[in-house]
Amino acid sequence: MIYKKRTMPNELKGLLSLDKRLPNNHIKKPEVKKNLLICQAGYNGELELDAHINEFKPNYRHAILHDLYLQQDGAYFQIDSLLITPSSITIIEVKNYKDKTVIKANPTQFIRVFQNGDRKPMRNPYTEIDLKIHLLKSWLGTRGIQIPIDGLLTFTHTNELAIKHPSPEIKTIFTYEAPAHFRSLPVNEHILDGHAIHNLANTMIEHHKDYNPFPLADRYDINPSDILPGVICSNCDRPGMKWGREKWNCPSCGHTSKTEHHQTVQDWFMLIKPKMTNSDFRYFTQLNNRNVARGLLAKSGLQLIGERKAAHYVLMKEGKSPTPVE
Ligand SMILES: [Zn+2]
């Protein structure tokens, strides 16, 4: 059973918005574009894995959690996907590279071979997985759980993979092979019963924290005034929607909407800073009327803090509720 689904990562949401709002001639534009592509490819690879994992339907109780972010010994660690069976836990790491990847042993080396033949050594994913196994073991240990933990490295099929000498410890496969790999896992010893698997999955969800890279202006060292304001039309993707007759109107395509400022508000929090005043709202939506701004802000699902000159809005805290029993 899938206990935690994957949603679009915050970093990708933020980069999509930053890319729309950063002028093409901005000095940081190439870096933003590059990271956007890397992030998009990573997410696509993970979605591909999820689709294959859906084929895995064993007759024993199990839990699958996608995109977990946990803390142990002061360090946060992110797990692409996690499988809990009665006998073991598997940490799955997904890589989606379009270039050919060569894996060599003794010493372990990951080399990317570009289309022009250039070769570039990469960070060794086995080391990353080993660290995550170590941290998860420790995380479980503090909760009195001892169970074998394996790592699984998967590559999306679009990538050409050449494994010269496979790692003896961590299995390396294509994502489409994941269900077959899971089916081959031995489930002899029942360390965790159905109830314990269910509780463990819910405890992980309770301790999961969404990775928060915001605001991206700080992270990329971009002056907030370089980020283009304006309400972007969801129909034609052009900025410059104007408020009139109780709705947003797109001068480019004629699209109208009452709620188009919601995304603009989200963009502000992702890109600029974690609070927004009435004046910030008017600047970022390019709206002149303070009272209209107050009315729209009140309906934006934000929390108002302070009064008069100190009044500002922040995002509501998201509540997390554990998955109910099947
Ligand atoms: Zn439009």
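Below 30°, between 30° and 60°, or above 60°: for Phe155 and Phe110 the angle between ring planes is below 30°, a parallel geometry. Ring geometry for Trp268 against Tyr283 counts as perpendicular: the plane angle is over 60°, on a 0 to 90° scale with 30° as the lower cut. Aromatic ring pairs are classed by plane angle as parallel below 30°, tilted from 30° to 60° and perpendicular above 60°; the pair Tyr60 and His62 is perpendicular.
Leu49 has its side chain within reach of Ile92: a pair of non-hydrogen atoms, C-beta onward, lies under 4.5 Å apart. Within the 4.5 Å cutoff, the side chain of Asp80 has no heavy atoms near those of the Thr154 side chain. Using a 4.5 Å heavy-atom cutoff, the side chains of Leu315 and Pro274 are not in contact. With contacts defined as side-chain heavy-atom distances shorter than 4.5 Å, the pair Ile227/Asp267 does not qualify. Looking at Trp248 and Thr264, their side chains never come closer than 4.5 Å, going by heavy atoms from C-beta outward. By the 4.5 Å heavy-atom criterion applied to side chains, Asn212 and Tyr69 are not counted as neighbours. The shortest distance between side-chain heavy atoms of Leu192 and Ile145 falls below 4.5 Å. Residues Leu296 and Trp243 are in side-chain contact: their nearest non-hydrogen atoms beyond the backbone lie under 4.5 Å apart.
In the hydrophobic cluster analysis, where Ile, Leu, Val, Met, Phe, Trp and Tyr join through side-chain heavy atoms closer than 4.5 angstrom, Leu228 is grouped apart from Tyr220. Leu65 and Tyr211 fall into different hydrophobic clusters, defined by Ile, Leu, Val, Met, Phe, Trp and Tyr side-chain heavy atoms under 4.5 Å apart, directly or through other members.
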Task: Intermediate values then yes/no, side chain to side chain contact (heavy atoms under 4.5 Å, CB included), Ile222 and Leu216 - done: CA-CA 8 Å; Ile222 292 170; Leu216 291 189; over 6 Å; no

- [ ] Begin with the C-alpha distance, continue with both residues' side-chain angles, and end with the deciding distance and a verdict on side chain to side chain contact (heavy atoms under 4.5 Å, CB included) for Val102 and Lys100.
- [x] CA-CA 7 Å; Val102 178; Lys100 180 177 173 179; 4.1 Å; yes

TODO: Walk me through it: do Cys250 and Cys236 pass the test side chain to side chain contact (heavy atoms under 4.5 Å, CB included)?
DONE: CA-CA 9 Å; Cys250 177; Cys236 71; 3.7 Å; yes

TODO: Tell me, with the steps shown, if Leu82 and Ile91 meet side chain to side chain contact (heavy atoms under 4.5 Å, CB included).
DONE: CA-CA 5 Å; Leu82 184 95; Ile91 288 179; 3.9 Å; yes

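Residues Glu48 and Asn44 bring no donor and acceptor atom of their side chains to less than 3.5 Å of each other. Looking at His208 and Asp210, their side chains do bring a donor and an acceptor atom within 3.5 Å of each other. Side-chain contact of Gln72 with Ser138: a donor-acceptor pair under 3.5 Å is present, judged by distance alone. A donor-acceptor contact closer than 3.5 angstrom links the side chains of His66 and Ser81. Under the 3.5 Å distance criterion, with hydrogens and angles disregarded, a donor-acceptor pair is assigned to the side chains of Asp67 and Gln78. Donor-acceptor pairing under 3.5 Å is recorded for the side chains of His198 and Asn202. In summary, the side chains of Thr277 and Asp280 do present a donor paired with an acceptor at a separation below 3.5 Å, with no hydrogens or angles considered.
To the nearest 0.5 Å, atoms CG (Leu200) and CD1 (Ile84) are separated by 4.0 Å. Rounded to the nearest 0.5 Å, atoms OG1 (Thr156) and OH (Tyr176) are 11.5 Å apart. The CG atom of Asp50 lies 4.0 Å from the CZ atom of Arg6; values are rounded to the nearest 0.5 Å. How far CD of Glu11 is from CG of Asn35: 7.0 Å, rounded to the nearest 0.5 Å. Considering CG of Leu271 and CD of Gln266, their distance stands at 10.5 Å, rounded to 0.5 Å. Atom CG of Asp99 and atom OH of Tyr97 lie 10.0 Å apart (nearest 0.5 Å).
Remark: the backbone N or O of Thr203 is paired with a side-chain donor or acceptor of His207 at under 3.5 angstrom. A donor-acceptor distance shorter than 3.5 angstrom exists from the side chain of Lys29 to the backbone of Asp19, with no hydrogens or angles considered. With hydrogens and angles ignored, the 3.5 Å screen pairs no side-chain donor or acceptor of Lys247 with any backbone N or O of Gly244. A donor-acceptor contact shorter than 3.5 Å links the side chain of His262 to the backbone of Lys299. Between the side chain of Asp193 and the main chain of His195, a donor-acceptor pair closer than 3.5 Å is present. Arg282 contributes no side-chain N or O that, together with a main-chain N or O of Leu287, makes up a donor-acceptor pair within less than 3.5 Å. Under the 3.5 Å distance criterion, the side-chain polar atoms of Arg61 are left unmatched by any main-chain donor or acceptor of Ala196. In this structure, the side chain of Ser300 does not engage the main chain of Leu302 through any donor-acceptor pair within 3.5 Å. Under the 3.5 Å distance criterion, the side-chain polar atoms of Arg294 are left unmatched by any main-chain donor or acceptor of Arg290.
Taking each heavy atom of Asn10 and Phe214 in turn, the nearest pair found is O-CZ, 3.3 Å. Across Ser17 and Met270, no two heavy atoms sit closer than the pair CB-CE, 3.9 Å. Considering all non-hydrogen atoms of both residues, Asp226 and Pro23 come closest at O-CD, 3.4 Å. Closest heavy-atom contact between Ile272 and Pro224: CG2-CB, 3.9 Å. When every heavy atom of Met241 is checked against every heavy atom of Pro251, the shortest pair comes out as CA-CD, 4.1 Å. A pairwise comparison of heavy atoms in Leu152 and Ile129 identifies O-CD1, 4.2 Å as the closest pair.
Test Asn235, Val231, Ile232, Asn249 against Glu260 for side chain to side chain contact (heavy atoms under 4.5 Å, CB included) and you get one pass: Val231.
Within 6.0 Å of NZ in Lys28 there are more than 12 heavy atoms belonging to other residues, nucleotides or ligands. More than 12 heavy atoms of other shown residues, nucleotides or ligands fall within 6.0 angstrom of atom CG in Asn291.
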